[in-house]
Engineer: 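Here's a structure for you.
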Amino acid sequence: MADRDRALLHRAVALARHSVDAGGGPFGAVIADVHGTIVAEGNNVVTVEQDPTAHAEIEAIRRACRTRGSHRLDGLVLFSSCEPCPMCLAAAWWARLDGVRFASPRTAAAAAGFDDGRLWQAVSSGNTAPELPVHQIPVADAGTEFRQWLERMDRIPY
């Protein structure tokens, strides 16, 4: 691992510690380019903002997208103080980040009361029940929105 990567992980950990001091959760994230230039940072503000999606990684991704003026973050890497949860990994995937690096494993977060083990199991098995029952209910006009999307000549591909 490059010294640059370690420095960015140290920055993510410093953001996590600052987040705790400010009343947020103990997570920090940095998004940087291949040269180590920081594009965006974020910290966990779930309880501060009363937003369960306000994880450090999501906050950093949102800021990086605004800075870049795009929903795609190709050429950038996410550095997180802790192993990202499935939601944050999915966001990194959708943002087309080039990679993810993290300092602490998810077991360290679990020991501090941030256990996403059941979510990992549900995601890996493809079965969210009984934690969160999910059911498809077919309706007559479902699917027309996808045809409408495909017909748009000005659509921006994901």
Side-chain angles (χ1 to χ4, degrees), residues 2 4-5 8-9 11-12 15-16 18-19 22 24-103 105-106 109 114-158:
R4 173 178 47 238
D5 288 358
L8 291 165
L9 286 170
R11 176 65 186 153
L15 288 167
H18 175 72
S19 183
F27 302 94
V30 173
I31 295 178
D33 66 18
V34 296
H35 304 292
T37 303
I38 295 174
V39 174
E41 297 179 335
N43 63 287
N44 182 291
V45 290
V46 168
T47 57
V48 173
E49 297 292 328
Q50 290 133 23
D51 178 353
T53 69
H55 291 199
E57 298 89 343
I58 300 294
E59 294 295 302
I61 288 169
R62 288 174 178 157
R63 290 178 182 134
C65 288
R66 283 193 298 271
T67 296
R68 230 192 203 182
S70 174
H71 64 284
R72 295 186 64 116
L73 299 177
D74 310 77
L76 302 178
V77 175
L78 171 65
F79 296 86
S80 181
S81 62
C82 187
E83 185 174 359
C85 73
M87 176 184 69
C88 293
L89 283 176
W93 176 281
W94 281 112
R96 307 302 198 270
L97 285 160
D98 284 5
V100 176
R101 313 281 186 274
F102 62 89
R106 62 184 176 215
F114 297 90
D115 189 5
D116 57 7
R118 292 191 326 248
L119 179 55
W120 276 105
Q121 288 174 343
V123 169
S124 64
S125 72
N127 180 13
T128 60
E131 300 292 332
L132 179 65
V134 177
H135 304 282
Q136 179 187 12
I137 300 172
V139 295
D141 57 347
T144 58
E145 66 278 12
F146 296 116
R147 287 191 297 281
Q148 180 184 357
W149 167 257
L150 290 170
E151 290 169 359
R152 287 191 65 106
M153 298 306 288
D154 63 342
R155 71 180 179 272
I156 299 172
Y158 279 50

Engineer: Hey, can you pull the donor-acceptor pairs under 3.5 Å for the side chains in residues 28-40, sequence neighbours left out?
Structural biologist:
unit_1	atom_1	unit_2	atom_2	d
D33	OD1	H35	N	2.9
D33	OD1	G36	N	3.1
D33	OD1	T37	N	2.9

Engineer: Return yes if some donor-acceptor pair links the side-chain N/O of R96 with the main-chain N/O of D74 below 3.5 Å, else return no.
Structural biologist: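 No, R96 side chain to D74 backbone: no donor-acceptor pair under 3.5 Å.
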Engineer: C85 and D116: which non-hydrogen atoms are nearest, and at how many Å?
Structural biologist: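 Result for this residue pair: CB-OD2, 3.3 Å.
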Engineer: So which atom in F79 and which in A12 form the shortest heavy-atom distance, rounded to 0.1 Å?
Structural biologist: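 Nearest heavy atoms, F79 then A12: O-CB, 3.7 Å.
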Engineer: Any heavy-atom pair between the side chains of L15 and E59 that's under 4.5 Å?
Structural biologist: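 The answer is no; the side chains never approach within 4.5 Å.
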Engineer: Rounded to the nearest 0.5 Å, how far apart are OG of S81 and CD of E57?
Structural biologist: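 Output value for this atom pair is 7.0 Å.
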Engineer: Would you say I61 and L97 make side-chain contact, with heavy atoms under 4.5 Å?
Structural biologist: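 Yes - at least one pair of side-chain heavy atoms lies under 4.5 Å apart.
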Engineer: To check you understand the geometry: which heavy-atom pair defines the closest contact between L78 and A92, and what is its length?
Structural biologist: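 For L78 versus A92, the nearest heavy atoms are CD2-CB, 4.4 Å.
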Engineer: Is D98 reaching over with its side chain to a backbone N or O of G75, donor-acceptor style, under 3.5 angstrom?
Structural biologist: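 Pair found, side chain donor or acceptor close to backbone of G75.
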Engineer: For the CH2 atom on W94, are there more than 12 heavy atoms of other groups (residues, nucleotides or ligands in this structure) within a distance under 6.0 Å?
Structural biologist: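 Counting other residues, nucleotides and ligands, CH2 of W94 stays at 12 neighbours or fewer.
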Engineer: Is it true that a side-chain atom of E83 and a backbone atom of R106 form a donor plus acceptor pair closer than 3.5 Å?
Structural biologist: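 Judged by distance alone, yes, a pair lies under 3.5 Å.
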Engineer: Considering non-hydrogen atoms only, spot the tightest contact between P86 and V123 and give its length.
Structural biologist: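 P86 and V123 have their closest heavy atoms at CB-CG2, 3.9 Å.
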Engineer: Hey, could you give me the CG/CD distance between L119 and Q121, rounded to the nearest 0.5 Å?
Structural biologist: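 Rounded to the nearest 0.5 Å, the CG-CD separation comes to 10.0 Å.
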Engineer: Answer yes or no: are there more than 12 heavy-atom neighbours, outside E145 itself, under 6.0 Å from its atom CD?
Structural biologist: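 Correct, the count exceeds 12.
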Engineer: To the closest 0.5 Å, what do you measure between NE2 (H55) and CZ (F114)?
Structural biologist: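 With rounding to 0.5 Å, NE2 (H55) is 9.5 Å from CZ (F114).
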Engineer: Please round to the nearest 0.5 Å and tell me the distance separating atom CE of M87 and atom CD1 of I58.
Structural biologist: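 These two atoms lie 4.5 Å from each other.
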Engineer: Donor-acceptor pairs under 3.5 angstrom involving side-chain atoms of residues 148-158: please list them, not counting sequence neighbours.
Structural biologist:
unit_1	atom_1	unit_2	atom_2	d
R152	NE	D154	OD1	2.9
R152	NH2	D154	OD1	2.9
R152	NH2	D154	OD2	2.7
R155	NH1	L150	O	2.6
R155	NH1	R152	O	2.9

Engineer: Check the surroundings of atom NE2 in H18: do more than 12 heavy atoms from other residues, nucleotides or ligands lie under 6.0 Å from it?
Structural biologist: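 It does not: H18 NE2 has 12 such atoms or fewer within range.
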Engineer: Looking only at heavy atoms, what is the nearest atom pair of A56 and F27, with distance?
Structural biologist: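 Smallest interatomic distance, heavy atoms only, reads CB-O, 3.5 Å.
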